Amino acid sequence: MTRLALLLGAICVFLHTSRVAALPTMIRLGYIDCASCHYSPQGGGPLNPYGRAIDEAQSLRAGEYKPRENGFVRAISWNGRIAQDVRVVLPMQRAWAAHETTASFRPRLLYRNVTELPHGFGAYFTITGETDAVPRSTVYDPTPRTSSPIVNVALLRYRVTPALELFGGRDQLPSGVNVPDLGTFIRQRNRLGAYDSPAQLKLHWAGRRHRLVPFAYTGGGNEADGERESGGGALAEIDPIGSHHLVVGVNVLRGRADNGARRMLGAHARFGIGPWGILAEHDVTSRTRGGVDGPFRQHATYGQAFWAAREWLVASLIGERLSVQQPFAERIQGGRLELAARFTSIATVSASGGVQRNATTGRTSRSLQIQVALKTVY
Amino acid sequence: MRAEPLAVMKHTLRFLALAVVFLLLAWRGAAAQGPAADASALTVSGGLASFEVSTNVLGTTVRGKSSALTATTLVRGSAAELLLERLEATLPVASLKTGIKLRDQHMVKYIFQTADGQQPDLHFTAGDARCVRVDSVSPYSCSAAGTLTIRGTPRPFSITLEVIPEGSGYQVKGDGKITLTSYGIERPSQFGVRTGDEVRLHIEFSARTGSKTSNPQDLPNPVQ
């Protein structure tokens with residue numbers, strides 16, 4: 001039983017549930033945030049036409065993006081007001097831990113929609129269907145109730161000006177370095193995982209060298225009993241030297257639920273120039289739990305050095321670290337090598353291999369993953 | 001008729017005094033004129049040139065660079081100032097890279113290509129530029145005014161230069177601005193993202209001094 005639990009924990013940690021969202025590595029080309037290519041300034045969701053052109057140009061095919069203009073496309077896009085795509089993500093995983101080997105295949109299907117409405121309003125939806133749920137591998141922060149399909153995003157936007165947008169609805173909270181991999185400690189252990197979509201109100205204010213996103217939130221309705229959290233926070237980012245190749249930021253959050261409270265302070269940086277760059281984030285979360293004396297602290301660190309060997313081929317060396325104080329003591333360190341190849345704007349394939357050591361239990365686990373992501377483009 | 005020896009001596013002394021005064025005046029004049037007459041040819045190859053242009057989308061700036069800048073000039077130097085003569089610089093447009101190949105192709109096609117399909121190099125020429133510095137540790141600075149030719153269209157252009165002596169040569173940095181409209185170039189646009197009109201240029205290179213010459217005609221042509 002212990003072995004099984006250990007193996008399950010290792011699988012959960014290794015199952016990098018990428019939502020195939022925004023690519024912070026694009027800072028190497030001077031894109032300091034996601035708004036250039038995505039309808040959502042937070043990243044993720046359908047690409048806007050410019051984003052589709054960049055997506056195609058950054059693929060092995062490196063062709064011109066030519067929007068289809070036939071009657072069918074005009075009809076399903078409401079004459080260009082609706083941008084939508086269907087995405088299939090096929091992650092195949094093999095993990096070895098404590099003399100146990102396991103393999104998994106957990107396909108997911110996503111439908112993503114952005115509808116532009118009159119007078120600066122817009123609606124964003126993302127619905128995901130999956131074959132198996134991936135629970136969060138922690139006892140002090142239970143996984144929300146999973147379902148398939150699940151509505152990840154249901155958001156209404158009001159654009160005051162191009163630089164100032166107000167959002168209300170259900171979505172992930174803004175996060176620091178904003179890596180698409182939802183299985184990383186900085187995301188999974190800070191309620192930014194695959195099933196965390198709280199109801200929220202947020203303001204997105206961006207300039208040429210800054211971004212400020214204050215937000216207030218409450219439970220999304222799928223939390224475990226006593227875990228419905230309400231609170232607020234802010235994400236602030238600045239391009240300190242105006243180079244468009246370096247962004248530093250902080251992320252603060254304070255939330256309270258019946259079963260406990262948490263306060264998070266995070267710092268992050270994105271840097272990229274030419275073919276290479278670095279993404280880094282460190283979050284400190286102070287938590288309280290019912291039945292536990294006093295607060296305990298959680299540290300989550302993420303570091304990624306990436307190198308675009310070709311425009312369509314990006315290699316990354318990723319390191320992660322997690323430490324949690326008593327009574328939920330955990331000390332985990334891991335690293336992995338990842339190779340992501342965008343063959344066309346429709347097909348991306350990534351492969352990664354990693355090793356992770358849990359210093360608390362003394363166990364080491366290894367994993368290999370191949371993921372194929374396909375999406376519709378028109 | 002023989003001259004009095006005393007009168008000859010007086011004339012000689014007067015002549016010598018005048019000669020000394022003349023030489024003094026000539027020396028002062030030369031000093032006031034600036035650097036020494038000897039000049040060194042400066043050649044640059046593999047210099048860095050970059051550009052930056054903002055767009056109508058917040059947080060999106062297009063940048064490009066090339067390390068194929070070649071230049072020549074003649075330098076006459078003194079402790080207080082440098083005189084750059086017959087400044088010429090050339091940059092092949094195909095060497096400019098923005099990080100996205102397709103965007104590079106668009107840039108060459110929409111910015112640098114002439115109506116008849118030619119893609120001429122960028123070319124800058126300037127006359128003299130006098131660079132001065134406030135003390136012996138500061139870099140020399142000056143503005144070089146000349147002509148920048150883009151896709152065969154010459155337009156006045158000036159660049160602010162900062163010159164730092166470095167061994168037997170100089171390290172040079174320069175910044176300037178152009179507007180696309182002044183060259184009759186339409187601002188490029190791609191699916192709603194349109195660049196601004198003003199393009200900021202930056203150059204940076206280390207130049208080595210070549211043979212000393214006092215004749216500007218001895219300057220080598222920029223390396224092609």
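Order of the sequence lines fixes the chain letters, A, B, ..., with proteins taken first and strands second; residue numbering starts at 1 for each chain. Just so it is clear, the structure is predicted and the values come from calculations on it, not from any experiment.
- Between the CG atom of A:Leu47 and the CZ atom of B:Phe191 there is a distance of 12.0 Å, given to the nearest 0.5 Å.
- At a 4.5 Å heavy-atom cutoff, the contact between A:His245 and chain B is made by side-chain atoms alone.
- In terms of heavy-atom pairs under 4.5 Å with chain A, the best-connected choice from B:Gln105, B:His106, B:Glu52, B:Lys65 is B:His106.
- Using a 4.5 Å cut-off between heavy atoms, A:Glu56 does not touch chain B at all.
- Atom CH2 of A:Trp205 sits in a sparse spot, with 12 or fewer heavy atoms from other residues, nucleotides or ligands closer than 6.0 Å.
- For B:Gln190 (side chain) and A:Tyr50 (main-chain N/O), no donor-acceptor pair under 3.5 Å exists by modelled atom type.
- Heavy atoms only, all atoms of each residue included: A:Gly63 and B:Leu102 are closest at O-CD2, 3.2 Å.
- Within 6.0 Å of the CZ atom in B:Arg194, the count of heavy atoms belonging to other residues, nucleotides or ligands exceeds 12.
- Most heavy-atom pairs under 4.5 Å with chain B, from the set A:Gln58, A:Arg28, A:Glu64: that is A:Glu64.
- For the atom pair B:Thr98 OG1 and A:Leu29 CG, the distance stands at 7.5 Å (nearest 0.5 Å).
- Rounding to the nearest 0.5 Å places CD of A:Glu311 at 9.0 Å from CZ of B:Arg103.
- At least one donor-acceptor pair under 3.5 Å links the side chain of B:Arg63 to the backbone N or O of A:Ser243.
- Test B:Val57, B:Thr61, B:Leu58, B:Val193 against A:Ser36 for side chain to side chain contact (heavy atoms under 4.5 Å, CB included) and you get one pass: B:Val57.
- Summarising the local packing, CD of B:Glu166 is surrounded by more than 12 heavy atoms from other residues, nucleotides or ligands at distances under 6.0 Å.
- With a 4.5 Å cut-off on non-hydrogen atoms, A:Ala163 touches chain B through its backbone and its side chain both.
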